[in-house]
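Data first, discussion second: the structure below is written as structure tokens.
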Amino acid sequence: MKKIEHYLEKKLAKGGLRIGQVQAVADGAEFLVFHSEDAGFFPQGSEGLNRNNLLVLRELSELREAVLRAACGDFRPLKYAPDLVGGWVFIAEGIGGLRMALETIYPAAVGLWLAWAAGELVPCSWREVLVRQTGMFRGLAKISDGVAASFFGEVCEKKGGCLREVLWGMDAGAKAGVGVTESLQEREKEGEIPLVCFEACNFLLSLAARRCAEGGEKE
Ligand code: SF4
């Protein structure tokens, strides 16, 4: 936890940080977290933020509620989808409060980024994830690579439904695409904490299982 907090402090000392659709800045002894759409271009501290127009949140339970639903009112099944609704500012007391706020919006994201940047995490391929599945996901092993790739395109690509950068491939030993590592490092230098994906998530597996059940697993 201390490692994450120390990292956040370093980012904030440079003017602020951006992660997914939100930004965070220091404001005196407090830290503000808000939707990028409510603050203009990054980084500009809290200057672009008009608190009078925003719902001020101080409790994590309030923040949890604010990020629970998309604009249409539907539950957001994927916390990394680009459908976060703004209109609020969360005020965190202390760096620990900021860490918890980011954890609420993007669970485990900062820790995963740090672990990957330090070379401590190896992505797990689609096939490796399938091998350890039981229950409703066990039948996914029969999906062809072509069909699986079409799921990834639909769900994981940025223009589709997820902000995370996919670092895993179809088979064991697969590596992130050419230039992905450099691009992530560059984004990090510019103030962002990139959202990275190490293995197929339950949201993707559920979609694949549903497609299988509907008979769409054949090419
Ligand atoms: S597998 Fe990763 S990139 Fe794809 S939807 Fe899930 S979290 Fe996002």
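Atoms within each ligand, like the ligands themselves, are counted from 1 in listed order.
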Nearest heavy-atom pair of Gly161 and Pro82: which atoms, and what distance?
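Heavy-atom minimum between the residues: O-CD, 3.4 Å.
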
Do the side-chain N and O atoms of Glu128 and Ser125 include a donor-acceptor pair separated by under 3.5 angstrom?
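Yes, because at least one side-chain N or O of Glu128 sits under 3.5 Å from a partner of the opposite role on Ser125.
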
Excluding sequence neighbours, so at least two apart, what forms salt bridge (Lys or Arg N to Asp or Glu O under 4.0 Å) with Glu5?
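Here the qualifying residues are Lys2, Arg99.
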
Tell me how many protein N, O or S atoms are within a distance shorter than 2.8 Å of atom 8 (Fe) of ligand 1.
1

Side chain to side chain donor-acceptor pair (under 3.5 Å) with Glu192: which of Arg187, Lys11, Gln23?
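The single option meeting the side chain to side chain donor-acceptor pair (under 3.5 Å) with Glu192 is Arg187.
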
Just which atoms of ligand 1 are under 4.0 Å from any heavy atom in Ala200?
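Listed by number with element, the hits are 1 (S).
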
Cation over ring face, Arg69 and Phe75, 6.0 Å, 45°:
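No, a cation-pi geometry is absent between Arg69 and Phe75.
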
Quick one: are Leu114 and Ile4 in side-chain contact, heavy atoms under 4.5 Å?
yes

